[in-house]
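Here the structure comes first, spelled out in structure tokens, and everything after it is commentary.
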Amino acid sequence: PSTETWYRQIIDHCAKGSCWPTLMLHPGAAEHTRAHNAQLSRLLDYARERQVPVRTVEAHLAFSAPRKTGVCAADLTTGN
């Protein structure tokens, strides 16, 4: 795994359903190179072409957070 082809297959799978691939870099690692950044850039472009949303973790958490519906958390824990 971890080849560009492998990542593209994951993106293709997610484009067919309701999953969201998470791609992460370790820029502080000694093994991290400009080639890793270039690969990530190509994968992000490919995901956009396949209509897979590209978001930062922060943006995805905000997008996925429960929306206000008039129900408060206390109601959920007390059964009211």
Side-chain angles (χ1 to χ4, degrees):
S2 298
T3 65
E4 190 162 341
T5 300
W6 183 74
Y7 285 116
R8 284 176 180 251
Q9 290 172 345
I10 292 171
I11 291 168
D12 289 339
H13 176 76
C14 291
K16 296 176 187 172
S18 60
C19 62
W20 184 49
T22 303
L23 306 176
M24 187 172 85
L25 293 177
H26 298 279
E31 306 84 32
H32 186 83
T33 66
R34 290 182 181 187
H36 291 105
N37 289 339
Q39 180 183 40
L40 179 63
S41 182
R42 289 189 304 271
L43 290 168
L44 293 176
D45 289 343
Y46 184 71
R48 288 181 187 105
E49 290 169 13
R50 301 283 290 134
Q51 306 298 308
V52 174
V54 174
R55 302 183 187 114
T56 62
V57 171
E58 181 180 11
H60 182 69
L61 291 174
F63 176 83
S64 300
R67 308 290 191 260
K68 280 193 165 186
T69 60
V71 176
C72 76
D75 292 340
L76 298 175
T77 59
T78 62
N80 292 334

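Quick note: residue numbers are just sequence positions, from 1.
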>> Using 0.5 Å steps for rounding, measure from the NE2 atom of H36 to the CG atom of L40.
In response: 10.5 Å
> Atom CD1 in I10, atom CG in L43: separation rounded to 0.5 Å?
Replying inline: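 I10 CD1 to L43 CG: 9.5 Å, rounded to 0.5 Å.
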> Honestly curious: do L44 and F63 fall in one hydrophobic cluster under the side-chain, below-4.5 Å linking rule?
Replying inline: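 They do not share one cluster, since no chain of ILVMFWY contacts under 4.5 Å joins L44 to F63.
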> What pairs meet the salt bridge (charged side-chain N to carboxylate O under 4.0 Å, His left out) rule with one or both residues in residues 16-29, with sequence neighbours excluded?
Replying inline: none
> Does any pair with a residue in residues 34-43 pass salt bridge (charged side-chain N to carboxylate O under 4.0 Å, His left out), and if so which ones, sequence neighbours excluded?
Replying inline: E4-R42
>> Test of understanding: with ring-ring contact (aromatic ring centres under 6.0 Å, His included), list the residues that count as partners of H13, not counting sequence neighbours.
In response: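 Counting only residues at least two positions away or on another chain, H13 forms no ring-ring contact (aromatic ring centres under 6.0 Å, His included).
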Show me the side-chain donor-acceptor pairs of residues 49-58 shorter than 3.5 Å, one per line, residues at least two apart or across chains.
from: R50; atom 1: NE; to: D12; atom 2: OD1; distance (Å): 2.9
from: R55; atom 1: NH1; to: H60; atom 2: ND1; distance (Å): 3.1
from: T56; atom 1: OG1; to: A59; atom 2: N; distance (Å): 3.0

>> Taking side-chain hydrogen bond (donor to acceptor under 3.5 Å, both in side chains) as the definition, give me every residue that meets it alongside Q9, ordered by chain and number, with sequence neighbours left out.
In response: none
> What pairs with A29 under side-chain contact (heavy atoms from CB on, under 4.5 Å), at least two apart in sequence or on another chain?
Replying inline: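 Scan of A29 (side-chain contact (heavy atoms from CB on, under 4.5 Å), adjacent residues dropped) gives H26, E31.
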